[in-house]
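Numbers here simply count residues along the sequence, with the first being 1. For clarity, every value in this text was computed on a predicted model and none was experimentally measured.
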Amino acid sequence: MAYQIVVTTEEGMTTVYPDCIEQWVEDMGTSITGISSNPRTRSELQGHPKIAGFIGPAWGGTTEQGEPIIRYEDKETYAALSV
């Protein structure tokens, strides 16, 4: 599986694909606040971290190899894309 993080910076929306979500969270100075366990969401999202200040985990489709993409958006990005 792949993690996709979309954040809004002064330059605009930026997407990163971290190799290790836990290390990315630490590097960004945020924290993991729990684990996704809502049975009404896709099974692919179960067990993935919830991150302070971010919406997600959410379904991001699949990679070219068919692996699930677990997506997170900061609140600015989510608001901009939800208009």
Side-chain angles (χ1 to χ4, degrees):
M1 119 205 28
Y3 288 102
Q4 177 186 47
I5 314 289
V6 185
V7 295
T8 298
T9 66
E10 292 177 8
E11 292 80 34
M13 285 184 205
T14 302
T15 302
V16 295
Y17 294 90
D19 292 328
C20 176
I21 192 72
E22 292 84 0
Q23 185 62 54
W24 183 87
V25 166
E26 185 177 322
D27 292 347
M28 294 304 294
T30 189
S31 61
I32 293 175
T33 61
I35 299 295
S36 178
S37 61
N38 185 337
R40 292 174 283 171
T41 61
R42 298 179 73 105
S43 62
E44 294 91 346
L45 303 177
Q46 303 300 314
H48 291 282
K50 296 179 183 180
I51 303 171
F54 287 81
I55 308 300
W59 180 244
T62 58
T63 66
E64 291 179 5
Q65 296 77 29
E67 296 177 275
I69 299 171
I70 308 302
R71 181 179 171 94
Y72 295 86
E73 298 172 354
D74 68 4
K75 293 179 180 182
E76 285 183 288
T77 299
Y78 180 78
L81 294 175
S82 298
V83 175

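- To the nearest 0.5 Å, atoms CD1 (Ile51) and CE (Met28) are separated by 10.0 Å.
- In terms of heavy atoms, Ala2 sits closest to Thr63 at CB-CG2, 4.1 Å.
- Applying the side chain to side chain contact (heavy atoms under 4.5 Å, CB included) rule to Glu26 yields the partners Gln23; only residues at least two apart in sequence or on another chain are considered.
- The shortest non-hydrogen separation linking Thr77 to Val7 is OG1-C, 3.4 Å.
- Under the ring-ring contact (aromatic ring centres under 6.0 Å, His included) criterion, Phe54 pairs with Trp24, not counting sequence neighbours.
- Residues satisfying the side chain to side chain contact (heavy atoms under 4.5 Å, CB included) criterion with Ala52, sequence neighbours excluded, are Thr30, Ser31, Thr33.
- Residues in residues 62-83 take part in no ring-ring contact (aromatic ring centres under 6.0 Å, His included) pair, two or more places apart or across chains.
- A donor-acceptor pair under 3.5 Å links the side-chain atoms of Asp74 to the main chain of Thr8, judged by distance alone.
- In Glu10, the CD atom is not crowded: 12 or fewer heavy atoms of neighbouring residues, nucleotides or ligands sit closer than 6.0 Å.
- Partners of Glu22 by side chain to side chain contact (heavy atoms under 4.5 Å, CB included), not counting sequence neighbours, listed by chain and number: Cys20, Ile32.
- Identified under the salt bridge (Lys or Arg N to Asp or Glu O under 4.0 Å) test for residues 39-62, with sequence neighbours left out: Arg42-Glu44.
- Counting heavy atoms from C-beta on, the side chains of Ile21 and Pro49 come closer than 4.5 Å.
- Residues in residues 52-71 take part in these salt bridge (Lys or Arg N to Asp or Glu O under 4.0 Å) pairs, two or more places apart or across chains: Arg71-Glu73.
- Ser36 pairs by the side-chain hydrogen bond (donor to acceptor under 3.5 Å, both in side chains) definition with nothing, not counting sequence neighbours.
- Qualifying side-chain hydrogen bond (donor to acceptor under 3.5 Å, both in side chains) partners for Ser37, counting only residues two or more places apart in sequence or in other chains: none.
- Trp59 belongs to no multi-residue hydrophobic cluster, having no ILVMFWY side-chain contact under 4.5 Å with any other such residue.
- Screening residues 11-20 for side-chain hydrogen bond (donor to acceptor under 3.5 Å, both in side chains), with sequence neighbours left out, gives Gln4-Tyr17, Thr9-Glu11.
- Rounded to the nearest 0.5 angstrom, Leu45 CG and Ile70 CD1 are separated by 5.0 Å.
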